[in-house]
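A quick write-up on the structure given underneath.
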Amino acid sequence: MGTTRRSSDENGVSSLGTLFGLAGLLVVLLIVAVVVSVTLPSTPTPGTTTTTAAGATEGSNQSTSHLRITDSTTSSTTSAGAVGVPSAAEAAACQSDAASLATALAAYQAARGSSPSPPAPWSAATYPTNFAPLTDALAPGPFLKMPPSDTHYVLEYDASGHVWVEPPGSFVATYDAGNATTTAAACERVAR
């Protein structure tokens with residue numbers, strides 16, 4: 001008799017352990033499901049608005065989708081990618097590239113005693129090669145790793161060390177003081 005009782009008690013404990021194991025697995029699966037649903041991007045339904053952790057607000061409409069980036073310090077809102085309206089990221093990239101170009105020009109002048117001259121008049125075809133004096137690997141160069149992108153803005157320089165910015169696809173042969181990159185406003189106005 002003692003053997004039968006022990007067997008049924010062991011079966012009960014084994015069943016109870018299995019039940020707790022399954023309950024624990026269910027809890028783990030629920031936690032994973034919640035984490036996945038929170039971290040996966042969701043596609044907004046027409047007419048809804050969602051806000052991401054970076055402060056970008058996405059709105060979806062049946063025919064168009066817009067991304068608005070809000071600068072929390074100034075409370076200004078721009079439509080990224082809209083014709084004629086630069087995004088904050090494009091303006092910041094322009095300012096960064098302009099600063100890198102100005103630094104490279106200063107380093108070139110310090111090393112060689114004069115500012116470089118662009119080898120050819122500025123155009124879409126000569127844009128990358130006009131940075132050759134700065135990207136040349138001959139010692140003590142290179143002063144610049146690569147030419148700045150011309151997708152959202154065009155950065156140009158002259159033999160006097162001036163740096164200015166033009167809209168993408170625009171190439172001005174001489175220094176444009178109105179678009180000098182010494183102020184952030186030029187990049188904010190021109191970058192697309």
Side-chain angles (χ1 to χ4, degrees), residues 41-44 48-61 63-110 115-136 141-192:
S42 63
T43 305
T48 62
T49 301
T50 58
T51 303
T52 63
T57 304
E58 291 185 19
S60 175
N61 200 341
S63 60
T64 61
S65 177
H66 298 285
L67 174 65
R68 292 183 311 175
I69 300 173
T70 305
D71 181 356
S72 61
T73 59
T74 61
S75 299
S76 64
T77 302
T78 60
S79 297
V83 176
V85 180
S87 77
E90 291 160 351
C94 174
Q95 291 167 2
S96 176
D97 283 348
S100 294
L101 178 55
T103 301
L105 288 168
Y108 183 99
Q109 183 177 21
S115 294
S117 294
W122 289 100
S123 70
T126 64
Y127 185 77
T129 58
N130 277 349
F131 290 94
L134 299 169
T135 58
D136 189 1
F143 301 99
L144 190 66
K145 282 187 174 184
M146 62 190 342
S149 171
D150 61 348
T151 304
H152 300 288
Y153 47 85
V154 171
L155 287 174
E156 297 175 311
Y157 70 94
D158 65 11
S160 298
H162 296 116
V163 177
W164 68 98
V165 62
E166 297 293 338
S170 299
F171 299 89
V172 177
T174 58
Y175 174 59
D176 182 357
N179 286 343
T181 58
T182 54
T183 65
C187 282
E188 291 170 359
R189 184 178 65 253
V190 172
R192 301 279 178 265

Quiz item: What is the distance from atom CG of Leu101 to atom CH2 of Trp164, rounded to the nearest 0.5 Å?
Solution: 9.5 Å
Quiz item: Between the main-chain N or O of Val165 and the side-chain N or O of Asn179, is there a donor-acceptor pair closer than 3.5 Å?
Solution: yes
Practice problem: Would you name the heavy atoms of Pro128 and Pro147 that are closest together and state the gap between them? | Solution: O-CG, 3.6 Å
Quiz item: Passes side chain to side chain contact (heavy atoms under 4.5 Å, CB included), Phe143 versus Thr103? Steps please.
Solution: CA-CA 8 Å; Phe143 301 99; Thr103 301; over 6 Å; no
Exercise. Would you give the length of the straight line joining atom OG1 of Thr181 to atom CG of Asp176, rounded to the nearest 0.5 angstrom?
Key: 11.0 Å
Exercise. For residues Leu134 and Pro116, report the shortest heavy-atom separation together with the two atoms involved.
Key: CD2-CG, 3.9 Å
Self-check item: For Ala91 against Cys187, the heavy-atom pair lying closest together
Solution: O-CB, 3.8 Å
Quiz item: Is there a donor-acceptor pair closer than 3.5 Å between any side-chain N or O of Ser100 and the backbone N or O of Ser96?
Solution: yes
Self-check item: Distance (rounded to the nearest 0.5 Å) between Lys145 NZ and Thr135 OG1
Solution: 13.0 Å
Quiz item: Between Pro148 and Leu144, what is the shortest heavy-atom contact and its length?
Solution: CD-CD2, 4.4 Å
Quiz item: Regarding Thr126 and Ser123, is there a side-chain donor-to-acceptor distance under 3.5 Å anywhere?
Solution: yes
Quiz prompt | Point-to-point distance, once rounded to the nearest 0.5 Å, from CH2 of Trp122 to OH of Tyr127 | solution = 6.5 Å
Quiz prompt | Spacing of Phe171 atom CZ and Asp150 atom CG [to the nearest 0.5 Å] | solution = 5.5 Å
Exercise. Heavy atoms only: give me the nearest Asn130-Pro119 pair and the separation to one decimal.
Key: OD1-CD, 3.3 Å
Self-check item: Closest contact, heavy atoms only, Pro118 versus Ala159
Solution: CD-N, 4.3 Å
Quiz prompt | Reported CG-to-OH distance for the pair Asp158 and Tyr175, which is rounded to 0.5 angstrom | solution = 8.0 Å
Quiz item: Does the Gln109 side chain pair with the main chain of Ala106, one donor and one acceptor, at a distance under 3.5 Å?
Solution: no
Exercise. Step by step, work out the side chain to side chain contact (heavy atoms under 4.5 Å, CB included) result for Tyr157 and His162.
Key: CA-CA 5 Å; Tyr157 70 94; His162 296 116; over 6 Å; no
Quiz item: So, the side chain of Glu156 versus the backbone of Val172: is there a donor-acceptor pair under 3.5 Å, distance only?
Solution: yes
